[in-house]
Amino acid sequence: MDYQLYTLSNGIRLLYKHAASTITHTCFLINAGARDELPQKDGLAHFIEHLLFKQTERRNTNQILNRLELVGADLNAYTTKEYTCIHASLLKQHLERTLDLFEDIVFHSTFPEEELDKERSVILDEIASYQDQPEEAIQDDFEGIIFEGHALGNNILGTEQSVNQLSREDIREFMAANYNTHQMVFAVIGDYDFNKLIKLTEKYLGNVPANTAAKNRQQPNRLAGEYTVIEKPISQVHCVLGGLAYPSSHKYKSGLLLLNNLLGGMGMSSRLNLEIREKHGIAYTIESGYTPLTDTGIFSVYFGTDAEKADKALRLANKELKKLRDNKLGTLQLQQAKQKFIGQIALAEENRLSLIISMAKSLVDFNTIDSLQDVFDKINAVTAEELLEISNDIFDPARMATLIFEPKE
């Protein structure tokens, strides 16, 4: 194993991966996100993430922000549909001060009313700013369509109405119901003695009271495809097509990741980019994405283009999907696709902050972490027959939704 684990009596896990560097990357991952919000509480998980940096029992906002910035470290956080993640990058000698801060903001934040009101205003501005970026907003609206009636369809930021109604009591109830200590990971990649790291973790996290609140996440249904057009005050057409896909534990996850990379993943040589941008010159951005979640997944193709080119771009995108449904990859094509994807994954390992966060998520979801060789082996085991089966399942036109933002006349 290229990592080490230690579990505290309260269930919080320490994950450590050695890296011979003066720079440490660390995160505190909590298995609680937007999908865990109750009805009419949209945006609550994200609201809490913002407020964790505002005031604790022993620090005000300035003291929280300066705790790491004064030593040149970078502190940040984000919320997804399934997780809340606080992370920092720092010189290795400042790890204790970082862990001290993590423990303070996660377990001792006080959420004063004046800070709630200030941060509510900040988030409303964030929502407005987001809506001014159609390439971002369309992804959320698309997820609202494919997850209709399910918490996964809610915008992570919430709505103006929901954010205005969130209260301090809502925060307390959400954290009690979702901040399960057995689903928290403190992860470190850096140059330390593991036994000393255990002592440090016990010192700051060992006395945190255990919380064994159970999750009650509901799996969404796969819906029939829809075609939706919305007029917006924009200058270009933006389009997303796709649907539900495999969860992170599915046997075909590696196959769909490979297929997505071939179709519209990183780099300029993807099929969609070569056909729509390079050959026909009708879209600056054309890409596909696959996001596996714990019990479902999202596959989508996105492009933005001028109004008079939009129909052609959509036809060409669907044509590329049809090719993958109708034609099995040749031996050389499959080998090249695997080689490209494996190389990209290896390069991505150089981003050590992303790596340690990814490892922490894997630990939360599966209680284990694949080595890089395990990942490569799974990709190399994918067959052309599997890719054909995946294409006919995930790219089935009858179960793919299309959402278009078009300029108002």
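Here, residue 1 is the first one in the sequence, and each next residue gets the next number.
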What orientation do Phe186 and Phe102 show, parallel under 30°, tilted 30 to 60°, or perpendicular over 60°?
perpendicular

Decide whether Ser288 and Asn260 meet the rule of one side-chain donor and one side-chain acceptor closer than 3.5 Å.
yes

Is there a donor-acceptor pair under 3.5 Å between the side chain of Lys232 and the backbone N or O of His238?
no

For the pair Lys408 (side chain) and Glu231 (backbone), establish whether a donor and an acceptor sit closer than 3.5 Å, ignoring hydrogens and angles.
no

Ring pair (Phe, Tyr, Trp, His ring centres under 6.0 Å) evaluation trace for Phe395 with Phe299
CA-CA 9 Å; Phe395 306 156; Phe299 170 78; 4.8 Å; yes

Using 4.0 Å as the upper bound for N to carboxylate O, is an ion pair formed by Arg120 and Asp117?
yes

Is it true that a side-chain atom of Ser270 and a backbone atom of Leu262 form a donor plus acceptor pair closer than 3.5 Å?
no

Just wondering, are more than 12 heavy atoms of other shown residues or ligands nearer than 6.0 Å to NZ in Lys319?
no

Counting only heavy atoms not in Glu160, do more than 12 sit closer than 6.0 Å to its CD atom?
no

Strictly by modelled atom types, are Asn66 and Arg59 linked by a side-chain donor-acceptor pair under 3.5 Å?
no

When you check the side-chain N and O atoms of Thr294 and Glu82, is any donor under 3.5 Å from an acceptor?
yes

Looking only at atom types and distance, does a side-chain atom of Thr61 sit under 3.5 Å from a main-chain N or O of Gln55, one as donor and one as acceptor?
no

In plain terms, say whether Asp396 and Arg325 are close enough for a salt bridge, that is, a side-chain N and a carboxylate O under 4.0 Å apart.
no

Please round to the nearest 0.5 Å and tell me the distance separating atom CD of Gln183 and atom CG of Asn178.
9.0 Å

Just how far is it from atom CG of Leu157 to atom NE2 of His46, taken to the nearest 0.5 Å?
5.0 Å

Full working for side chain to side chain contact (heavy atoms under 4.5 Å, CB included) between Thr84 and Ile48:
CA-CA 9 Å; Thr84 301; Ile48 293 170; over 6 Å; no

Just so I know, are the side chains of Phe107 and Tyr179 near enough to count as touching, which here means a heavy-atom distance under 4.5 Å?
no

Work out which heavy atom in Pro247 is nearest to a heavy atom in Pro292; give both atom names and the distance.
C-CB, 4.1 Å

Looking at Lys199 and Asp193, is there a salt bridge between them, counting it only when a charged N and a carboxylate O are closer than 4.0 Å?
no

Min side-chain heavy-atom separation Leu263-Leu321 under 4.5 Å
yes

Could you measure the distance from the CD1 atom of Ile23 to the CD1 atom of Ile189? Nearest 0.5 Å is fine.
12.5 Å

Regarding Asp104 and Arg67, does a basic nitrogen lie under 4.0 Å from an acidic carboxylate oxygen?
no

Side chain to side chain contact (heavy atoms under 4.5 Å, CB included), that's the test. Do Arg315 and Lys312 meet it? Break it down for me.
CA-CA 5 Å; Arg315 282 199 309 274; Lys312 183 176 182 180; 3.8 Å; yes

Give a yes or no on this: more than 12 heavy atoms of other residues, nucleotides or ligands lie within 6.0 Å of atom CD of Gln161.
no

When rounded to the nearest 0.5 angstrom, what distance separates CD1 in Ile342 from CG in Asp377?
8.5 Å

Taking all non-hydrogen atoms of both residues, which atom of Val185 and which atom of Ala360 are closest, and how far apart?
CG1-CB, 4.0 Å

Can any side-chain N or O of Asp374 pair as donor or acceptor with the backbone N or O of Ser371 at less than 3.5 Å?
yes

Under 3.5 Å: donor-acceptor pair, side chain of Asn211, backbone of Thr181
no

Answer whether the closest heavy-atom distance between the side chains of Lys378 and Asp370 falls below 4.5 Å.
yes

Any side-chain heavy atom of Leu116 sitting closer than 4.5 Å to one from Glu113?
yes

Could you verify whether a donor N or O on one side chain and an acceptor N or O on the other, from Ser167 and Asp170, lie under 3.5 Å apart?
yes

Main-chain N/O of Asn60 paired to Gln63 side chain as donor or acceptor, under 3.5 Å
yes

Among residues at least two apart in sequence or on other chains, which ones pass salt bridge (Lys or Arg N to Asp or Glu O under 4.0 Å) with Lys54?
Glu119

Looking only at heavy atoms, the pair that brings Val237 and Ile404 closest together is CG1-CG2, 3.7 Å

Mind running side chain to side chain contact (heavy atoms under 4.5 Å, CB included) on Lys361 and Tyr83 for me, showing each step along the way?
CA-CA 8 Å; Lys361 289 178 181 176; Tyr83 308 103; 3.9 Å; yes

Heavy-atom distance under 4.5 Å between the side chains of Glu287 and Val301, does that happen here?
no

Are a donor atom and an acceptor atom from the side chains of Gln4 and His18 found within less than 3.5 Å of each other?
no

Answer yes or no: is there an ion pair linking Arg172 with Glu169, defined by an N-O contact shorter than 4.0 Å?
no

Do the non-hydrogen side-chain atoms of Leu99 and Leu205 ever get within less than 4.5 Å of each other?
yes

In terms of heavy-atom contacts, does NZ of Lys322 have more than 12 from other residues, nucleotides or ligands at under 6.0 Å?
no

Which pair of heavy atoms, one from Leu51 and one from Ile171, lies closest together, and at what distance?
CD1-CD1, 3.5 Å

Other residues, nucleotides, ligands: >12 heavy atoms within 6.0 Å of Tyr284 OH:
no

Would you please test Leu314 and Leu241 for side chain to side chain contact (heavy atoms under 4.5 Å, CB included) and show each step?
CA-CA 9 Å; Leu314 183 56; Leu241 61 149; 3.9 Å; yes

Considering only heavy atoms from C-beta outward, does the side chain of Arg35 approach that of Phe147 to under 4.5 Å?
no

Looking at every non-hydrogen atom in both residues, tell me the closest pair between Ala187 and Ile356 and how far apart they are.
CB-CG1, 3.6 Å

Check whether any side-chain N or O of Asp36 sits under 3.5 Å from a backbone N or O of Gly33 as a donor-acceptor pair, and report yes or no.
yes

Lys340 and Ser269 side chains, donor-acceptor separation under 3.5 Å:
yes

Donor-acceptor pair, side chain of Glu37 and main chain of Leu44, under 3.5 angstrom
yes

Drop me the distance from Ile369's CD1 to Leu363's CG, to the nearest 0.5 angstrom.
5.0 Å

Is it true that the side chains of Asn261 and Gln344 contain a donor and an acceptor less than 3.5 Å apart?
yes

Once rounded to the nearest 0.5 Å, what's the spacing between atom CG of Leu101 and atom CD of Glu103?
9.5 Å

Give me the ring orientation class for Tyr192 and Tyr16: parallel if the planes are under 30° apart, tilted from 30 to 60°, perpendicular past 60°.
perpendicular

Mark yes when over 12 heavy atoms from residues, nucleotides or ligands other than Lys309 sit less than 6.0 Å from its NZ; otherwise mark no.
yes

I need the minimum non-hydrogen distance between Ala77 and His87, along with the two atoms involved.
N-NE2, 4.0 Å

Donor-acceptor under 3.5 Å (Asp140 side chain, Asn155 main chain):
no

Side chains of Thr201 and Ile12: closer than 4.5 Å at any heavy-atom pair?
no

